[in-house]
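Remember, it's a predicted structure, so these values are computed and weren't measured experimentally.
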Amino acid sequence: MGEDGAARNHLHNNQVFDLSIDVLPQGGTKCCDDDGRLKRSGTVWTASAHIITAVIGSGVLSLAWATAQLGWIAGPIVMILFSFVTYYTSTLLAACYRSGDPVNGKRNYTYMDAVRSNLGGFKVKICGWVQYLNLFGVAIGYTIASSISMMAIKRSNCFHASGGKNPCHMNSNPYMIAFGIVEIIFSQIPDFDQLWWLSIVAAVMSFTYSTIGLGLGIAKVAGINSSVATTLRFSLSISVRQFYLITFFNLPETGKIRGSLTGISVGTVTQTQKIWRSFQALGDIAFAYSYSLILIEIQDTLKAPPAESKTMKKATLISVGVTTLFYMLCGCMGYAAFGDLSPGNLLTGFGFYNPFWLLDIANAAIVIHLVGAYQVYCQPLFAFIEKSATERFPDSEFITKDIKIPIPGFRPYNLNLFRLVWRTIFVIITTLISMLLPFFNDIVGLLGALGFWPLTVYFPVEMYISQKKIPKWSTRWVCLQILSIACLFITIAAAAGSIAGVVLDLKSFKPFATVY
């Protein structure tokens, strides 16, 4: 039993480290795939769980705000366009998992491997910098989002315990630190293939809080005034984006659908602010759909036959279809409920109302989901650093040696000291940066903008053109280039809007002293 566990773990370590080894296609055996690794066991459902965990994250909470900036016409249209672009380019990327033959060709274990096999040269380095910086940024964004949800639970309970007399201001730093400690523990999961259970839990949690947010929005629009004992009104001197706005049941329950065709009106904001906020909304929606940067890593967990690309296309269709439905419902119902006052974080916009335990459940589900999503996004970065360290220092026991730790009732856990130290340092750094830059909405928009065009559109399009040898200036080549250029313009606009928002936030910002 111990030997089998050791052998299995050794192969898992190879799966993490030896990401770019050229292996000749083989038929495989009963226990191994054609590349000599343990047989992959992933299915369309585990892949869908990974994708949903990655996609339905904190981004869904900003969609009501994004819809409010764009209005009833542009908001839903932009969400549908982003879903189509994400699905289409994901199918192009899935086709690049194997080089050459789609069934027996050489496997590309990571996004960078796919770029190296199909494009090569300097583009590989560009891809690596963009991908891993984006993964690093996502970890920061998720730390911020989790702290906001944890504070929402604490503030709600505090407010009700004081009978509404205490506004319950608090600092976000302890909650970011708590999230970081949890991530240090979970980051010791060795590789992507062993995250399947965490992804399933996280996917269930994402549906939980999305459904609660959707239900509250519907109740608000329908004019349902639940068990509200008193109207809770108090003023707080912090920005609209940072605070939990006005309470859900403070607004008149008229059954009225709020909002306008063109979005937030000039007067509520200035003309310049409307432009920047509209651009930022594009980034928020792009972030809500971003998962292409880990698609190849997810695809590498799938069993064959059928061909991995076919399974991945099915998983992508299921996942993008489900998430788009949720996004449209959450974004539109949130906007219908709050109109121009739609908050940057949908759930916190419902404020402190009775029964407040329902929002506590939703916010707890967000935190649990983000614990899993953090790991799903960071595993490719962990694998890259650990592979690079192994290649540079192959004789270092600190980097390569595993220490067996017996666990009663389970196979021994192989503790790698380098993995322990490096991943712990990584989590500490992302936590510290989150404490320095607690701007949820602007960070989300900036991450979406920076990652959308290069990782979701440009590289998949260029790799597909190269792999399928599509002739330059052919109809298909021109259409793909038009798609890429159009998405580039969207990325530039979204990045500009998010940067403008960060600059505005920095004017009233004090390091490590943000109070909600």
Side-chain angles (χ1 to χ4, degrees), residues 15 19 22-56 83-119 192-193 195-196 199-200 203 289-325 376 379-380 455-457 459-470 476 479-480 483:
Q15 184 169 335
L19 298 180
D22 293 331
V23 181
L24 293 175
Q26 302 172 6
T29 65
K30 289 184 178 180
C31 66
C32 296
D33 279 326
D34 55 8
D35 58 351
R37 299 183 178 181
L38 284 179
K39 271 201 174 295
R40 294 158 175 84
S41 57
T43 65
V44 64
W45 301 113
T46 60
S48 297
H50 282 314
I51 295 172
I52 290 172
T53 298
V55 176
I56 303 185
S83 69
F84 170 76
V85 170
T86 301
Y87 169 71
Y88 179 68
T89 56
S90 294
T91 61
L92 301 184
L93 184 57
C96 299
Y97 172 66
R98 287 184 182 266
S99 299
D101 187 86
V103 177
N104 298 312
K106 173 186 169 294
R107 295 175 186 262
N108 296 306
Y109 301 115
T110 68
Y111 197 117
M112 276 187 68
D113 284 348
V115 175
R116 184 180 293 110
S117 297
N118 291 282
L119 301 177
F192 219 127
D193 198 42
L195 279 177
W196 63 269
S199 285
I200 290 175
Y289 277 107
S290 72
Y291 78 96
S292 298
L293 67 172
I294 58 172
L295 184 145
I296 295 292
E297 284 81 354
I298 293 174
Q299 192 167 346
D300 190 45
T301 67
L302 297 177
K303 64 182 179 182
E308 299 88 354
S309 59
K310 289 184 178 180
T311 303
M312 198 63 193
K313 288 176 182 177
K314 289 180 182 178
T316 298
L317 180 61
I318 293 170
S319 305
V320 174
V322 169
T323 54
T324 299
L325 176 62
V376 167
Q379 279 295 334
L455 298 174
T456 302
V457 182
F459 284 118
V461 165
E462 293 300 314
M463 285 192 290
Y464 185 78
I465 289 173
S466 174
Q467 178 153 322
K468 300 300 181 182
K469 296 179 173 57
I470 298 174
R476 193 170 194 186
C479 290
L480 288 171
L483 172 65

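With sequence neighbours left out, the side-chain hydrogen bond (donor to acceptor under 3.5 Å, both in side chains) criterion links Gln467 to no other residue. Applying the side-chain hydrogen bond (donor to acceptor under 3.5 Å, both in side chains) rule to Tyr87 yields no partners; only residues at least two apart in sequence or on another chain are considered. For Thr316, the side-chain hydrogen bond (donor to acceptor under 3.5 Å, both in side chains) partners at least two apart in sequence or on another chain are Tyr291.
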With side chain to side chain donor-acceptor pair (under 3.5 Å) as the criterion, how do Ser466 and Asn118 come out once you've worked through the C-alpha distance, each side chain's angles and the decisive distance to 0.1 Å? CA-CA 6 Å; Ser466 174; Asn118 291 282; 4.9 Å; no

Begin from the C-alpha positions of Asp300 and Tyr97 and carry the test side chain to side chain contact (heavy atoms under 4.5 Å, CB included) through to its verdict. CA-CA 8 Å; Asp300 190 45; Tyr97 172 66; 2.6 Å; yes

Does the pair Met312 and Ile51 meet the rule for a side chain to side chain contact (heavy atoms under 4.5 Å, CB included), with working shown? CA-CA 10 Å; Met312 198 63 193; Ile51 295 172; 3.8 Å; yes

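Between Thr43 and Thr311, the shortest heavy-atom contact is C-CG2, 4.1 Å. The two residues Glu308 and Leu302 make their nearest non-hydrogen contact at O-CD1, 3.8 Å. The two residues Gln299 and Ala94 have their closest heavy-atom pair at NE2-O, 3.1 Å. Nearest heavy-atom pair, Leu480 versus Ile465, reported as atom, atom and distance to 0.1 Å: CD1-CG1, 3.7 Å. Of all non-hydrogen atoms in Ser83 and Val320, the two that sit nearest each other are O-CG1, 3.6 Å. Nearest heavy-atom pair across Lys106 and Ser117 is NZ-OG, 3.8 Å.
Met463 places a side-chain heavy atom less than 4.5 Å from the side chain of Leu119.
Rounding to the nearest 0.5 angstrom, the gap separating the OG atom in Ser90 from the CG atom in Leu317 is 11.0 Å. The line from CG of Leu92 to OG of Ser309 is 12.0 Å long, rounded to the nearest 0.5 Å. With values rounded to the nearest 0.5 angstrom, Ile470 atom CD1 is found 5.5 Å from Tyr464 atom OH. The line from NZ of Lys314 to OG1 of Thr91 is 14.5 Å long, rounded to the nearest 0.5 Å.
Side chain of Thr301 to backbone of Ile298: a donor-acceptor contact under 3.5 angstrom is found. Side chain of Thr89 to backbone of Thr456: a donor-acceptor contact under 3.5 angstrom is found.
Between the side chains of Tyr111 and Arg116, no donor-acceptor pair is found at a separation under 3.5 Å.
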